[in-house]
Amino acid sequence: VFGKDITLLLMLNNLAADHKTVKVDMSASTVLYTRRAVTEILKASTSVELGSKQGKHIKLKIPYAYYGKYLTTDKRIQVTALCEVMHRQGLKLLVEKTIILEDTNIIIKIPRRVVVNRAATIEISYANPLPEPVNKCVLLVTLMNQQVKINLAPLAPRERSKIYFEFTPRRAGPLQLQVDFSCDKFSHVKGFVTIGVAPA
């Protein structure tokens, strides 16, 4: 989840009867959705001794402090591990994993029944998932082809807050509500719901 430390496990298994030494070079970079690297955030090397038919795991931790300010709006991190079996000429294995960090900060609650020409109130809950305060918080609410910009108070670390938004639908049928939350530390955290509007 965005804002938390990331922990990964690399599993190594020696399927042969003889002892092996494996050198592992690991790196992590923030990337765009096209997989183009933006910033390298972590580099680590280690060596693992594997006995006959033995398996071991290597734990890799990427703290939020390492990736937070380098993350793009795609919220993707690519981790690679190049595993090289020592004393075996040219025996290498590359393992890659792309992590997409989830946003859990927008929660939209709509009334059980929304009716044409009757005012309805929506609850929009938003949060700061980071271990540090955020400022310049802005919520963009798009509904019925109109966009409303709401300036919000700063949020303390891990704080959740909510606002109430009132609207009056003018026709029956489905309505799309989109919410976009931004601040000085991250931007464009989105949430959306479809509201079914009943005839009067």
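Quick note: residue numbers are just sequence positions, from 1. Atom set for the values below is all heavy atoms of this structure, side chains included, hydrogens, waters and symmetry mates excluded.
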Sorted by chain and number, sequence neighbours left out, salt bridge (Lys or Arg N to Asp or Glu O under 4.0 Å) with Lys56 holds for none
Rounded distance [0.5 Å steps], NZ in Lys59 versus CG in Leu10:
13.5 Å
OG1/Thr34 to CZ/Arg76 distance, rounded to the nearest 0.5 angstrom?
9.0 Å
Do Val79 and Leu8 touch side chain to side chain, with heavy atoms closer than 4.5 Å?
yes
Hits for salt bridge (Lys or Arg N to Asp or Glu O under 4.0 Å) against Lys149, two or more places apart or cross-chain, chain-then-number order -> none
Group every Ile, Leu, Val, Met, Phe, Trp and Tyr by side-chain heavy-atom contacts under 4.5 Å, then state whether Leu71 and Val38 land in the same group.
no
Gap between atom CE of Met11 and atom NE2 of His57 - 0.5 Å precision:
6.5 Å
side-chain contact (heavy atoms from CB on, under 4.5 Å) partners for Leu15, two or more places apart
Asn13
Please tabulate, for the side chains in residues 173-183, all donor-acceptor contacts under 3.5 angstrom to protein atoms that are two or more places apart in sequence or on a different chain.
from   : atom 1 : to     : atom 2 : distance (Å)
Gln176 : NE2    : Thr194 : OG1    : 3.0
Asp180 : OD1    : His188 : ND1    : 3.4
Asp180 : OD2    : His188 : ND1    : 3.2
Asp180 : OD2    : Lys190 : NZ     : 2.6
Ser182 : OG     : His188 : N      : 2.9

Identify the heavy atoms of Gln78 and Val31 that sit nearest to each other, and give their distance.
CB-CG1, 3.8 Å
Check: Val85 and Leu93 side chains under 4.5 Å, non-hydrogen atoms
no
Sub-4.5 Å side-chain heavy-atom contact between Val148 and Leu140
no
Using a 4.5 Å side-chain heavy-atom cut-off and chaining through intermediate ILVMFWY residues, the residues clustered with Leu94 come out as Leu82
Residues passing the salt bridge (Lys or Arg N to Asp or Glu O under 4.0 Å) test with Asp184, sequence neighbours excluded, are none
Assigning hydrophobic clusters by single linkage (Ile, Leu, Val, Met, Phe, Trp, Tyr; side-chain heavy-atom cutoff under 4.5 Å), is Ile150 placed with Leu155?
yes
Measure the spacing between SG of Cys83 and NZ of Lys20 and express it to the nearest 0.5 Å.
13.5 Å
Does some side-chain heavy atom of Val48 sit less than 4.5 Å from a side-chain heavy atom of Ile58?
yes
Contacts of type side-chain contact (heavy atoms from CB on, under 4.5 Å), residue Ser47, not counting sequence neighbours
Thr21
Taken in chain and number order and not counting sequence neighbours, the residues that satisfy side-chain hydrogen bond (donor to acceptor under 3.5 Å, both in side chains) with Thr142 are Gln147
What one should report as the nearest heavy-atom pair of Ala153 and Cys137 is O-SG, 3.7 Å
What residues, two or more places apart in sequence or in another chain, satisfy salt bridge (Lys or Arg N to Asp or Glu O under 4.0 Å) together with Lys69?
none
What is the distance from atom NZ of Lys53 to atom CG of Asp18, rounded to the nearest 0.5 Å?
9.5 Å
Thr7 meets the side-chain hydrogen bond (donor to acceptor under 3.5 Å, both in side chains) criterion, sequence neighbours left out, with none
To the nearest 0.5 Å, atom CG of Leu42 lies from atom CD1 of Ile6 at 10.0 Å
Student check: side-chain heavy atoms of Leu50 and Leu12 closer than 4.5 Å
yes
What pair of heavy atoms forms the shortest contact from Ile41 to Tyr70, and how long is it?
CG2-CD1, 3.8 Å
For residues 34-49, the salt bridge (Lys or Arg N to Asp or Glu O under 4.0 Å) pairs (sequence neighbours left out) are Arg35-Glu96, Glu40-Lys43
Donor-acceptor pairs under 3.5 angstrom involving side-chain atoms of residues 108-134: please list them, not counting sequence neighbours.
from   : atom 1 : to     : atom 2 : distance (Å)
Asn117 : OD1    : Arg170 : NH1    : 3.3
Glu123 : OE1    : Tyr164 : OH     : 3.2
Ser125 : OG     : Arg160 : NH1    : 2.6
Asn128 : OD1    : Leu130 : N      : 2.9
Asn128 : ND2    : Glu132 : O      : 2.8
Asn128 : ND2    : Ala156 : O      : 3.0
Glu132 : OE2    : Tyr64  : OH     : 3.0

Could you tell me if the side chain of Asp5 sits less than 4.5 Å from the side chain of Ile62, heavy atoms only?
no
Would a 4.5 Å heavy-atom cut-off, applied to side chains only, mark Tyr67 and Leu101 as touching?
yes
Answer with yes or no whether the hydrophobic clustering places Met144 together with Ile195; edges join I, L, V, M, F, W, Y residues whose side-chain heavy atoms lie under 4.5 Å apart.
yes
Using atom types as modelled and distance alone, determine if a side-chain donor or acceptor of Ser52 lies under 3.5 Å from a backbone N or O of Ala17.
yes
Check: Ile100 and Tyr33 side chains under 4.5 Å, non-hydrogen atoms:
no
